[in-house]
Amino acid sequence: MTTPAKRCPMPPRHRTWPWCRHCSGIALDLGSSRTRAWTSGRRTILDVPTLTFPGSPGEGATCPIQRGTIVDTPGTARMLDRLLAPRLPRHGRPLLILTTPVLGGVAYRAEARTAVEALRPRTVLTVPTARAVAVAAEADLARPLLVVDLGAHLTEVTLLVDGAVTDARRTALGTSDLDDLTPPTRIAEAVVAMVTGMLDQDRTPHTLRALRRGPLLAGGGALRADITRPLGEGLWAPVQPVRAPHTAAVRGAARLLQAAHAHPSSPQGSDAPHHRPLHGAL
């Protein structure tokens, strides 16, 4: 007589927010000009200038993130604590998903994870900004996709193949640099040059297929016709601004956050380590 094998119980799924009261989460997009965050249980996105205030009285606000680089990690931590700590449960330790510049590298992710320690996260997951944008747009990631992020201080062009970053370029030029001497066409020309370089160096058909499909535009610059019109003309391709392009990255991160929270293997409520950086894995 054989004894039937016992089935291992499946871990319970978390209830979706805002009905799940046992855990909290944050989707965070740290920009050089604006910081945007979505917290579990809230319907609105926090969208504020990226500014921090020194500890000493009488000193003015400063910018802790410049041109996609965290130049003041303690200041960034103070900013996050001031903005987000009051929105979290007093004793909660949130699951946090952080968007990162595609070319920010290991140094950026390390500084960012140090800064978000101010929020006492249980787990920190990172996702390239371009992938978060694609998720927000519900783009078909089975096909090659170009994502152009037209930010205030940086412009990035990223090629996604099967959802993973395979090439990326960026320039330290953004909408905040535009004036009488720097017209909007300068940004369009810079993007055209970056895409042309990607085409020249790509030994596969991926970049060409993504270009013919039409680049996805995000960032505040995607709201400006004086940038998007010459960009489409210069690329000889249809350009597709995502809905509410200035918040696309944080909205995509919020969707990934909710998916991670609902998954049976979600680390919420477990003894998972503080940091599980999964850059590009989400």
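Here Val191 is tied into one hydrophobic group with Leu146, Val148, Leu150, Val157, Leu159, Val161, Leu173, Leu178, Ile187, Val192, Met194, Val195, Met198, Leu199, Leu208, Leu211, Leu217, Ile227, Leu231, Leu235, Val239, each link being a pair of ILVMFWY side chains closer than 4.5 Å.
Using a 4.5 Å heavy-atom cutoff, the side chains of Leu95 and Arg122 are not in contact. Annotation: side chain of Ile70 is in contact with side chain of Tyr108 (closest heavy-atom distance under 4.5 Å).
Of the possible polar contacts, none joining the Arg224 side chain to the Thr175 backbone as a donor-acceptor pair under 3.5 Å is found. Between the side chain of Thr52 and the main chain of Pro64, no donor-acceptor pair closer than 3.5 Å is present. For Arg34 (side chain) and Asp47 (main-chain N/O), a donor-acceptor pair under 3.5 Å exists by modelled atom type.
The stretch residues 172-185 participates, sequence neighbours left out, in these salt bridge (charged side-chain N to carboxylate O under 4.0 Å, His left out) pairs: Arg67-Asp177.
Expressed to the nearest 0.5 Å, how far OG1 of Thr50 lies from CZ of Arg36 amounts to 8.0 Å.
The two residues Arg251 and Ala136 make their nearest non-hydrogen contact at NH1-CB, 4.1 Å. Here the closest non-hydrogen pair linking Pro238 and Pro215 is O-CD, 3.3 Å.
A search for salt bridge (Lys or Arg N to Asp or Glu O under 4.0 Å) contacts involving Glu138 returns Arg255, not counting sequence neighbours.
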Between Val135 and Val133, does the side-chain contact (heavy atoms from CB on, under 4.5 Å) criterion hold? Intermediate values first, please.
CA-CA 5 Å; Val135 170; Val133 168; over 6 Å; no
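In Arg82, the CZ atom is crowded: over 12 heavy atoms of neighbouring residues, nucleotides or ligands sit closer than 6.0 Å.
Under the 4.5 Å side-chain heavy-atom criterion for grouping Ile, Leu, Val, Met, Phe, Trp and Tyr, Leu103 is not connected to Leu154 through any hydrophobic cluster.
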